[in-house]
Amino acid sequence: MKTPILMVVLLSGILVPGFAHADPFCALLRKFVNSVEPGEKREFTFHTLWGGDFKDSHEDDDVIYAKRCIHNNYAPAKAVCDYLMEHGAVEFAGNNVKDAVRCLSPKTDFAPQFVLHLASFSFSVGSENR
């Protein structure tokens, strides 16, 4: 049985082609995907905000951007979150999604000016028995 992977994304902003740290990201993302057993649901959520902080933030300082990643205490998801918190794009957040899609669907290529605002992706990963 193939493991379905569902990715739902809400983005805005101007996009540029992928960021330079795609290879380590891809390795961590594939490790996360491969760790999910058939019938099991695991997820992480990477949130970004350009031009301010999250409404529920208790920081007093003015900030230019904010990042947050929810991994639900699942080690493979935490590893992806740790990477995204350090290297993930904020102003051009669509680059993170495009890199994830390229990683999980290697034959996928995006046009140079491709803009992503809202998307839902589903991938089957593994063999018929996994």
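When reading the values below, keep in mind they use all heavy atoms of this one structure, side chains included, and skip hydrogens, waters and symmetry mates.
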When rounded to the nearest 0.5 angstrom, what is the spacing between [atom1] in [X] and [atom2] in [Y]?
{"X": "Leu29", "Y": "Leu104", "atom1": "CG", "atom2": "CG", "result": "4.5 Å"}
{"X": "Leu28", "Y": "Asp23", "atom1": "CG", "atom2": "CG", "result": "11.0 Å"}
{"X": "Ser35", "Y": "Glu40", "atom1": "OG", "atom2": "CD", "result": "7.0 Å"}
{"X": "Thr45", "Y": "Asn72", "atom1": "OG1", "atom2": "CG", "result": "7.0 Å"}
{"X": "Leu84", "Y": "Asp99", "atom1": "CG", "atom2": "CG", "result": "9.5 Å"}
{"X": "Asn96", "Y": "His87", "atom1": "CG", "atom2": "NE2", "result": "12.0 Å"}

Taking side chain as C-beta onward, heavy atoms only, is [X] less than 4.5 Å from [Y]?
{"X": "Phe110", "Y": "Arg102", "value": "yes"}
{"X": "Phe25", "Y": "Val80", "value": "yes"}
{"X": "Pro76", "Y": "Phe44", "value": "no"}

Minimum-distance pair of heavy atoms, taken over all atoms of Pro106 and Arg30: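 Minimum heavy-atom separation between Pro106 and Arg30: CG-NH2, 3.5 Å.
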What pair of heavy atoms forms the shortest contact from Thr48 to Ala89, and how long is it?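 Minimum heavy-atom contact is CG2-O, 3.7 Å.
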Has Arg42 got its NZ or CZ under 6.0 Å from the middle of the six-membered ring of Phe32, at an angle within 45 degrees of the ring axis?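 Ring-cation test returns no.
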Under the rule for ring-ring contact (aromatic ring centres under 6.0 Å, His included), what residues qualify as partners of Phe46, not counting sequence neighbours?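 With sequence neighbours excluded, Phe46 shows a ring-ring contact (aromatic ring centres under 6.0 Å, His included) to no residue whatsoever.
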Under a single-linkage definition using a 4.5 Å side-chain heavy-atom cutoff for Ile, Leu, Val, Met, Phe, Trp and Tyr, are Phe114 and Val101 assigned to the same hydrophobic cluster?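 Phe114 clusters together with Val101.
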Members other than Val63 in its cluster, when Ile, Leu, Val, Met, Phe, Trp, Tyr link by side-chain heavy atoms under 4.5 Å?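 None, because no other hydrophobic side chain comes under 4.5 Å of this residue.
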Please name all residues satisfying side chain to side chain contact (heavy atoms under 4.5 Å, CB included) with Tyr65, sequence neighbours left out, ordered by chain then number.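 Per chain and number, Tyr65 pairs via side chain to side chain contact (heavy atoms under 4.5 Å, CB included) with Trp50, Lys67, Val90.
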Applying salt bridge (Lys or Arg N to Asp or Glu O under 4.0 Å) to Asp53 and Arg68, what does each step give before you reach the verdict? CA-CA 10 Å; Asp53 206 349; Arg68 165 181 301 172; 5.7 Å; no
Neighbour count >12 (heavy atoms, 6.0 Å) for atom CD1, Ile70: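 For Ile70, atom CD1 is crowded (more than 12 foreign heavy atoms under 6.0 Å).
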